[in-house]
A.B. asks: 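I am attaching a structure below and will ask some questions about it afterwards.
We name chains A, B, ... by the order of the sequence lines, and we start the count at 1 in each one.
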Amino acid sequence: MEKQFDPARIETIAQGYWDSAETFRVTEDPDRPKYYCLSMLPYPSGKLHMKEVRNYTIGDVISRFQRMQGKNVLQPMGWDAFGLPAENAAIKRGVAPAGWTYENIAHMRRQLQRMGYGYDWQREVTTCSPDYYRWEQLMFTELFRKGLVYRAKSIVNWDPIDQTVLANEQVVDGRGWRSGAPVERREIPQWFVRITDYADELLEELDQLPGWPDAVKTMQRNWIGRSEGVELDFPLADEAGGALRVYTTRPDTLYGATYMAVAADHPVAIAAAEKNPELAAFLTEIRQGAVTEEALEKLEKKGMPLGVEAINPLSGERIPVWVANFVLMGYGTGAIMAVPAHDARDHEFATRYGLPIRQAVGPADGRAVDVQGEPWVAKDGLVTVAAGEFTGLDFPAAFNAIADHLEARGIGERRTNYRLRDWGVSRQRYWGCPIPMIHCPDCGAVPVPEAELPVTLPESVTFSGVQSPLKTDPDWRRAACPQCGGEAERETDTFDTFVESSWYYARYCCPDAEAILDRRADHWLPVDQYIGGIEHAVMHLLYFRFWHKLMRDQGLVASDEPATNLLCQGMVLAEAFYRDSEEGGREWIAPADVKIERDGRGRIMRATRCSDGAELTATGWTTMSKSKNNGEDPESLVDRFGADTVRLFTMFAAPPDQALEWQDSGVEGASRFLRRLYSLVHDHVSGGQVPAPAAAELDEAGTDLRRKLHQTIGKVGDDVGRRYTFNTAIAAIMELCNALGRYDVATDAARGLRQEVLEAVVLMLQPITPHLSHALWTRLGRDGAAVDQPWPVVDESALVQDEVELVVQVNGKLRGRIRMAADAAEDTIREAALADAHVQRFLEDLTIRRVIVVPGRLVNVVAG
RNA sequence: GCGAAAGUGGCGGAACUGGUAGACGCGCUGGGUUUAGGUCCCAGUGGGGUUAGUCCCCCGUGCGAGUUCGAGUCUCGCCUUUCGCACCA
């Protein structure tokens, strides 16, 4: 055995072994329980990111652990290859998005392989390949035929200078990122999938997912936002008649409605603006700005009266109709009834424009509230006041009485509403999956027949960024109508990339199927463990669940949910450094180019740039990102320390669901531990033939070490297999190694024990540092490969302990420790605790009132 | 603005079911090995006080209240940070 630990050499040998033995290639096996471990597939941005290393190391640790439990493990990998960054790269460097993407995939695949992840590469899925997206096109046309897909108008960010639709991230402070022009909201026709048809099922089945984090389930519940309310008409008071339809969850507050507000695109607002130029200008003004909910909510509330009045259907009162910038057409009915006394946003608006605020409900205990100063929004413990015949009712009673009344008079009905909106899947972009529809002047929108799929995206194009090459290519656009054969046009929009990532996990099961999926899908599904970033808690994970149900209803899969367990890992943070220069604004300096001076306690005192000594400002911990130039390159760390060290550190630094603060010094600590273990094994095997373990011949120190070994096996199995706290598993292994290092090996029995400990350590580390374990397993003289060994078994007889230490508290404060037989009776424990000299000191002049004995843990003496 | 989480030494974190706060690692301090540097090994390391001593005391888990024999852990309010908000993925 070489004295020096050489990670590069060890890693090459181990990876070569797994390759030639086809260790990670899996097929369906009826004799072994299956285990499907899935990590979210990466966008091929060019370089592997630290957050991906973290994600995939977690997945690989779980996969390798399950393999050691005897499971038939499927762990696939692929590429979420469509998306905006490829278009941006194309604009910046003048390369085609396809070529750029394929090069990135090749580079990143090699980076993943160097990390030693146990993927079955034969199942690799690349979403921009026609072999993949043709099946999603087929699925879409089938959904269209089932009526689950429709076309409707919706709002996009429109850049009036570049004449293009902008993504939300391309809107900076309400302006286009490149043109700088104020963004306008524009309505265009787009394709939608009816996710709201599945809203109830998506909501209710969250209760059947005990393996999903509560935080994610709560966020999804809130996102779906089911509410019970009433939809009703407020008749308009002008001669033309008509009515404003609104939805409210608070019909009990109807008597407090003092004005109405409509969206700028509402027909009533447009009609009113025709004869009012000032109003028309205002409508144009409030149509500007970004479309995100966040931007709308943070907006300064603005409005203008339309000169139109509506009639409160309960009180008969005439109230003014306003147009307001925070009401949007397409969200609900595009109109709201405003009850400023009981809604914060309505209150802010009413106060600003001097509109009346009238109380409709109040506390049931009769306490007076002043709604002029601030709204009273409670829904519990309320009673209606000044509400005509409905006065004096609590919330459920008022809700029902008013809803019955409205329904009886035919001006409204009860309605269940969702905050969730149907999924708009159209994108006005080139680098995406073409939407397989043909627009015929006579037949309308017609799906492309299955025999003509896939609708292939042309890959050799020049991409300028102004318009999609699909829209400017008349040959590509031209098509015969599948229905009437007449001249027609292809849809030039492409799919939201969330469509590809909604079903890739199922395609991994049968990547070569000549259909969307085949029978193999149900062998592997549902996914046993899904792992990905918390940032996907709502959108991706909801579409992922939704698409699974769509596939179920198409008869493609049998299960209701795609994944039984979900682990959301935290972000990866790093320190960032910048300097503000007069000429060039803020400049971010890579941490590798920064010289840091720390004070005696390790805090950063001063940071300077290595090249010129320029003074820099440190930001503290922040997300690793390109814009801050603080990304740690995993590959250079692998070059310096080896893949095992990088894997060990990312698992050790924090529990997986917490943010990980990246520190190079910590990486060195991980490397040091592996070197120490290597030399422990080296020293051990250089002593020659190892005798068989003989537990009975061990002295007290040996018995203690052996107990610690088996405690550790139990703890690590629980930490890795159930708790997913890899950091504590590693800490326990380190403790065991420290104990082994202190253990004096003078006898044959002791050498045998050392062999037993080292073998267990090597196997327990196999999921985390598989290359080193592969090497050391052989060095310890064992046959076979570490990756194929079963998880070590706890020897219950080694855990037995005759004596335990108990803590004695007086009034909750630690005052003494006593050693007792493990099975001592409560009375004996109480006596021993009270007899302890140190405890007695604190009981002088006090009367003992109670003694609490917690067996195996502590005694608390309550005295006063 | 709305929704969801998280705050523990100089730093990352541990304490799993309400029961010894600070495991493990980094950093730092002192010592040793080495021609030197690095590596490696040993010891110490929450803050304050105290002792001849290896004894002992007080304080301490973002802030403020509460429940309990006992709270980092449970409840309420506040502050700060992070994630998401439908065209970034």
A.B. asks: Please compare A:Arg850 and A:Gly741 by the position of their nearest nucleotide in RNA chain B and report the one closer to 5'.
C.D. replies: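 Closer to the 5' end of RNA chain B: A:Gly741.
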
A.B. asks: Using the C1' atom on both, measure B:A89 against B:A65 and round to a whole Å.
C.D. replies: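 Pairwise C1' distance, B:A89 against B:A65, rounds to 44 Å.
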
A.B. asks: I'd like the C1' distance from B:C2 over to B:U68, given in whole Å.
C.D. replies: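 Comparing C1' positions in B:U68 and B:C2 gives a spacing of 36 Å.
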
A.B. asks: I'd like to check the ring-ring contact (aromatic ring centres under 6.0 Å, His included) partners of A:Tyr743; sequence neighbours left out, ordered by chain and number.
C.D. replies: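 Counting only residues at least two positions away or on another chain, A:Tyr743 forms no ring-ring contact (aromatic ring centres under 6.0 Å, His included).
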
A.B. asks: Just wondering, are more than 12 heavy atoms of other shown residues or ligands nearer than 6.0 Å to NZ in A:Lys47?
C.D. replies: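 12 or below, so no.
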
A.B. asks: Of A:Arg151, A:Arg427, A:Lys471, which is the lone residue that meets salt bridge (charged side-chain N to carboxylate O under 4.0 Å, His left out) with A:Glu491?
C.D. replies: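 The single option meeting the salt bridge (charged side-chain N to carboxylate O under 4.0 Å, His left out) with A:Glu491 is A:Arg151.
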
A.B. asks: Rounded to whole angstroms, how far apart are CG on A:Asp214 and C1' on B:A6?
C.D. replies: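 Between C1' of B:A6 and CG of A:Asp214: 16 Å.
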
A.B. asks: For each nucleotide in nucleotides 51-60 of chain B, reading 5' to 3', give B when a protein heavy atom comes within less than 4.0 Å of its base, S when such contact involves only the sugar-phosphate, and - otherwise.
C.D. replies: -----SSSS-

A.B. asks: To the nearest 0.5 Å, what is the distance between OH on A:Tyr724 and CD1 on A:Ile531?
C.D. replies: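 Here the rounded value is 7.0 Å.
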
A.B. asks: Mind checking ring-ring contact (aromatic ring centres under 6.0 Å, His included) for A:Tyr543 and listing every partner two or more places apart, or none if nothing turns up?
C.D. replies: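 Checked A:Tyr543 against ring-ring contact (aromatic ring centres under 6.0 Å, His included); matches are A:Trp423, A:Phe498.
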
A.B. asks: Output the rounded distance in Å from CD (A:Glu297) to P (B:G3).
C.D. replies: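 Answer to the nearest Å: 10 Å.
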
A.B. asks: What are the two closest heavy atoms between A:Pro340 and A:Pro375, and how far apart are they?
C.D. replies: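 Shortest heavy-atom contact: O-CB, 3.8 Å.
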
A.B. asks: Which salt bridge (Lys or Arg N to Asp or Glu O under 4.0 Å) pairs, counting each pair once, include a residue from residues 730-745 of chain A, with sequence neighbours left out?
C.D. replies: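 Residue pairs passing salt bridge (Lys or Arg N to Asp or Glu O under 4.0 Å), neighbours aside: A:Lys708-A:Glu735.
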
A.B. asks: Please state the C1' separation for the pair B:U73 and B:G37 - nearest whole angstrom.
C.D. replies: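 The same atom, C1', in both gives a distance of 48 Å.
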
A.B. asks: What distance, rounded to whole Å, do you find between the two P atoms, one in B:C11 and one in B:G48?
C.D. replies: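 Rounded to whole Å, the distance is 15 Å.
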
A.B. asks: Does CG in A:Asp173 sit with more than 12 non-hydrogen atoms of other residues, nucleotides or ligands closer than 6.0 Å?
C.D. replies: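 Open: at most 12 neighbouring heavy atoms sit under 6.0 Å from CG of A:Asp173.
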
A.B. asks: For RNA chain B, which ranges pair as stems of 3 or more consecutive Watson-Crick or G-U pairs, with both donor-acceptor distances under 3.5 Å?
C.D. replies: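 RNA chain B forms these stems: B:1-7 with B:79-85, B:10-12 with B:24-26, B:27-32 with B:40-45, B:46-49 with B:56-59, B:62-66 with B:74-78.
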
A.B. asks: Base, backbone or nothing for each nucleotide of nucleotides 13-18 of chain B, written B, S, -, heavy atoms under 4.0 angstrom, 5' to 3'?
C.D. replies: SSSB--

A.B. asks: What is the minimum heavy-atom distance between A:Cys433 and A:Tyr133, and which atoms define it?
C.D. replies: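 In terms of heavy atoms, the two residues are closest at SG-CB, 3.7 Å.
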
A.B. asks: With sequence neighbours excluded, tell me which residues meet ring-ring contact (aromatic ring centres under 6.0 Å, His included) with A:Tyr504.
C.D. replies: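 Partners of A:Tyr504 under the ring-ring contact (aromatic ring centres under 6.0 Å, His included) test: A:Tyr508.
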
A.B. asks: From CG of A:Leu858 over to C1' of B:G70, roughly how many Å is that when rounded to an integer?
C.D. replies: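 Atom-to-atom, A:Leu858 to B:G70, this comes out as 8 Å.
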
A.B. asks: Report, one pair per line, the protein and nucleotides 38-40 of chain B atoms (nitrogen or oxygen only) whose separation is under 3.5 Å.
C.D. replies:
{"from": "B:U39", "atom 1": "O3'", "to": "A:Arg675", "atom 2": "NH2", "distance (Å)": "3.4"}
{"from": "B:C40", "atom 1": "OP1", "to": "A:Arg675", "atom 2": "NH2", "distance (Å)": "2.9"}

A.B. asks: Rounded to the nearest angstrom, tell me the gap between atom CD1 in A:Ile730 and atom P in B:G12.
C.D. replies: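 Value for this atom pair: 18 Å.
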
A.B. asks: Any side-chain hydrogen bond (donor to acceptor under 3.5 Å, both in side chains) involving residues 849-864 of chain A? Give me the pairs, sequence neighbours left out, ordered by first then second residue.
C.D. replies: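 Qualifying pairs, neighbours excluded: none.
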
A.B. asks: Assess, by modelled atom type and distance only, whether the side chains of A:Gln569 and A:Gln658 contain a donor and an acceptor separated by less than 3.5 Å.
C.D. replies: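 Not at all, the side chains of A:Gln569 and A:Gln658 share no donor-acceptor pair under 3.5 Å.
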
A.B. asks: What pairs with A:Tyr56 under ring-ring contact (aromatic ring centres under 6.0 Å, His included), at least two apart in sequence or on another chain?
C.D. replies: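 A:Tyr56 satisfies ring-ring contact (aromatic ring centres under 6.0 Å, His included) with no other residue.
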
A.B. asks: When rounded to the nearest Å, what value does the distance between P atoms of B:U67 and B:A15 take?
C.D. replies: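 It comes out at 29 Å once rounded to the nearest Å.
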
A.B. asks: Just checking, is any N or O donor in the side chain of A:Arg675 or A:Ser679 under 3.5 Å from an acceptor N or O on the other one?
C.D. replies: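 Note: A:Arg675 and A:Ser679 side chains miss the donor-acceptor criterion.
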
A.B. asks: Syn or anti for B:G9, with syn set at within 90° of 0?
C.D. replies: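 That one's syn.
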
A.B. asks: If we take the P atom in both B:C83 and B:G10, what is their distance in whole Å?
C.D. replies: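 Pairwise P distance, B:C83 against B:G10, rounds to 26 Å.
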
A.B. asks: Using side chain to side chain donor-acceptor pair (under 3.5 Å) as the criterion, list what pairs up with A:Arg841, not counting sequence neighbours.
C.D. replies: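 For A:Arg841 there are no side chain to side chain donor-acceptor pair (under 3.5 Å) partners, ignoring immediate neighbours.
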
A.B. asks: B:U81 and B:C74: how far apart are their P atoms, nearest whole angstrom?
C.D. replies: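 The same atom, P, in both gives a distance of 23 Å.
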
A.B. asks: Expressed in angstrom and rounded to an integer, what is the separation of A:Ile818 atom CD1 from B:U20 atom P?
C.D. replies: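 It is 15 Å, rounded to the nearest whole Å.
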
A.B. asks: Parallel, tilted or perpendicular: which fits the ring planes of A:Trp100 and A:Tyr43, with parallel below 30° and perpendicular above 60°?
C.D. replies: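 Geometry flag for A:Tyr43 against A:Trp100: tilted rings.
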
A.B. asks: Please determine, by modelled atom types, if A:Asp422 and A:Thr196 share a side-chain donor-acceptor pair under 3.5 angstrom.
C.D. replies: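 A:Asp422 vs A:Thr196: donor-acceptor pair found between side chains.
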
A.B. asks: Without decimals, in angstroms, what is the distance between A:Arg742 CZ and B:A43 C1'?
C.D. replies: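 Nearest whole value for this atom pair: 13 Å.
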
A.B. asks: Contact class for A:Val807 (heavy atom, under 4.0 Å): base, sugar-phosphate, or nothing?
C.D. replies: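 A:Val807: base contact, heavy atoms under 4.0 Å.
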
A.B. asks: Quick one: what's the B/S/- string for nucleotides 73-89 of chain B, heavy-atom cutoff under 4.0 Å, read 5' to 3'?
C.D. replies: ---------SSSBBBSB

A.B. asks: Could you work out the separation of B:G72 and B:G62 based on their P atoms and round it to a whole Å?
C.D. replies: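 My reading of the P atoms in B:G72 and B:G62 gives 10 Å.
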
